[in-house]
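See below for the structure under consideration.
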There are 2 protein chains.
Amino acid sequence: MAETGRPDLAAMIVPLGRALMAVEQPVLDAHGLTMWGYVVLLRLEESVRTQSALAQDIGADKTRIIGTLDDLQDRGLIERRPDPDDRRVRLLSLTAEGRRVRDSAQGAIQARENRLLDRLSPADREGFLNALQFLAALPKEELADSPGGSE
Amino acid sequence: MAETGRPDLAAMIVPLGRALMAVEQPVLDAHGLTMWGYVVLLRLEESVRTQSALAQDIGADKTRIIGTLDDLQDRGLIERRPDPDDRRVRLLSLTAEGRRVRDSAQGAIQARENRLLDRLSPADREGFLNALQFLAALPKEELADSPGGSE
DNA sequence: TATTGTTATACTCTATAACTATA
DNA sequence: TATAGTTATAGAGTATAACAATA
């Protein structure tokens with residue numbers, strides 16, 4: 001196979017991602033959240049032991065998220081307390097208020113997304129979500145070199 | 001409907017886009033192209049009348065692409081000549097060499113992408129590509145406020 | 001006076017290096 | 001000496017404002 005006639009995947013996915021972020025920005029604004037703040041709240045569903053681990057998980061530099069954590073903590077959305085067993089480490093977790101804000105923001109965002117998904121046929125919607133979840137969960141190395149097939 | 005249990009679309013799409021770009025970077029490097037250079041070559045399949053129009057089409061600032069155009073022109077991949085009818089305007093088009101480089105890069109990129117798509121079931125692959133092409137072609141305003149449905 | 005393309009400047013985001021406090 | 005977190009600094013990428021040429 002050679003002639004598919006489709007645009008490059010990245011050429012569709014990257015601008016779509018940017019557009020989605022722009023569309024969802026007002027929801028975040030209404031909740032007083034930055035994008036990184038929201039991503040942190042999502043990730044802290046399970047509490048995390050070090051800031052470095054959190055940063056790595058969400059694809060940020062460890063220095064990048066410090067201001068974000070400061071802000072979330074000041075507003076009582078997360079807890080950040082020294083680990084008694086190793087006082088260099090900060091134990092990170094959601095507060096009840098943090099969970100409430102996260103649920104509210106995520107609810108609004110997914111509702112908006114669902115309206116968009118409703119414009120797809122049921123078959124396309126299911127395939128899209130299946131594929132997306134599969135590809136998003138794929139480790140980078142496997143994205144890079146999938147075993148040769150249709151080329 | 002409320003409980004879908006899926007991650008946010010943007011939370012899957014944005015990192016996937018970044019990862020795809022990283023995966024494809026070596027192909028661009030091998031062709032001596034930057035990401036913006038490649039995007040410009042793709043867009044110039046049909047020639048474009050002004051640099052502003054080109055910039056807008058590919059989602060860049062008009063000042064952003066000047067260095068890119070300088071480089072592509074220096075290397076003989078594009079032609080940029082003043083419009084005789086309005087000497088403020090630069091007429092932009094691919095050279096034969098530009099088309100060759102673009103085809104080579106795009107061939108390598110899509111081959112790589114096809115290997116990735118081969119890991120999906122045929123149904124998911126088709127749904128994914130259909131949905132992606134639909135969503136990527138959607139004007140921003142429609143992305144923003146799809147008519148209410150499943151919320 | 002308005003517009004195309006360009007250059008110069010400023011701003012945002014991110015990463016790198018240097019510091020502190022613990023271990 | 002090594003590591004978690006922090007701060008200060010520098011770099012990339014982008015947009016904004018000012019400019020020259022043309023209409």
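Keep in mind that what you see is a predicted model, and the values were worked out from it rather than measured.
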Begin with the C-alpha distance, continue with both residues' side-chain angles, and end with the deciding distance and a verdict on salt bridge (charged side-chain N to carboxylate O under 4.0 Å, His left out) for R75(A) and D71(A). CA-CA 6 Å; R75(A) 291 164 52 205; D71(A) 174 62; 3.1 Å; yes
Residues R6(A), E113(B); criterion salt bridge (charged side-chain N to carboxylate O under 4.0 Å, His left out); working and verdict: CA-CA 11 Å; R6(A) 63 166 171 81; E113(B) 292 178 345; 2.8 Å; yes
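Formation of a donor-acceptor pair under 3.5 Å by the D8(A) side chain with backbone atoms of A10(A) is not found in this model. When atom types are taken as modelled, the side chain of T95(B) and the backbone of L77(B) share a donor-acceptor pair closer than 3.5 angstrom. In this structure, the side chain of R125(A) engages the main chain of L120(A) through a donor-acceptor pair within 3.5 Å. Formation of a donor-acceptor pair under 3.5 Å by the D86(B) side chain with backbone atoms of R88(B) is found in this model. In this structure, R112(B) contributes its side chain and A144(A) its backbone to a donor-acceptor pair below 3.5 Å.
A salt bridge links E142(B) with R119(A): the closest approach of a Lys/Arg side-chain nitrogen to an acidic carboxylate oxygen falls below 4.0 angstrom. A salt bridge links D70(B) to R80(B): at least one charged side-chain nitrogen sits closer than 4.0 Å to a carboxylate oxygen.
If you take CD1 of I78(B) and C1' of dG5(C), they are 14 Å apart, rounded to a whole angstrom. In this structure, CG of L54(B) is placed 12 Å from P of dT6(C), rounded to the nearest angstrom. Taking atom CD1 on I65(A) and atom C1' on dT7(D), their separation rounds to 15 Å, with Å as the unit. The separation between Q51(A) atom CD and dT3(D) atom P is 17 Å, rounded to whole Å. Taking atom CD of Q56(B) as the reference point, atom P of dA15(D) lies 13 Å away to the nearest angstrom. Put simply, CZ on R64(A) is 15 Å from C1' on dT16(C), counting in whole angstrom units. In this structure, CG of D61(B) is placed 12 Å from C1' of dG13(D), rounded to the nearest angstrom.
Phosphate contact (OP1/OP2 of dC13(C), side-chain N/O of W36(A), threshold under 4.0 Å): absent. Checking the phosphate oxygens (OP1, OP2) of dT4(C), no side-chain nitrogen or oxygen of R80(B) falls inside 4.0 Å.
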Taking only N/O atoms, report every protein-nucleotides 17-23 of chain C pair under 3.5 Å with atom names and distance.
residue : atom : partner : partner atom : Å
dA23(C) : OP1  : R87(A)  : N            : 3.1

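The side chain of V89(B) lies closest to dT4(C) when the candidates are dT6(C), dG5(D), dT4(C).
A heavy-atom distance below 4.0 Å to DNA chain D is reached by none of the residues of residues 66-74 of chain B.
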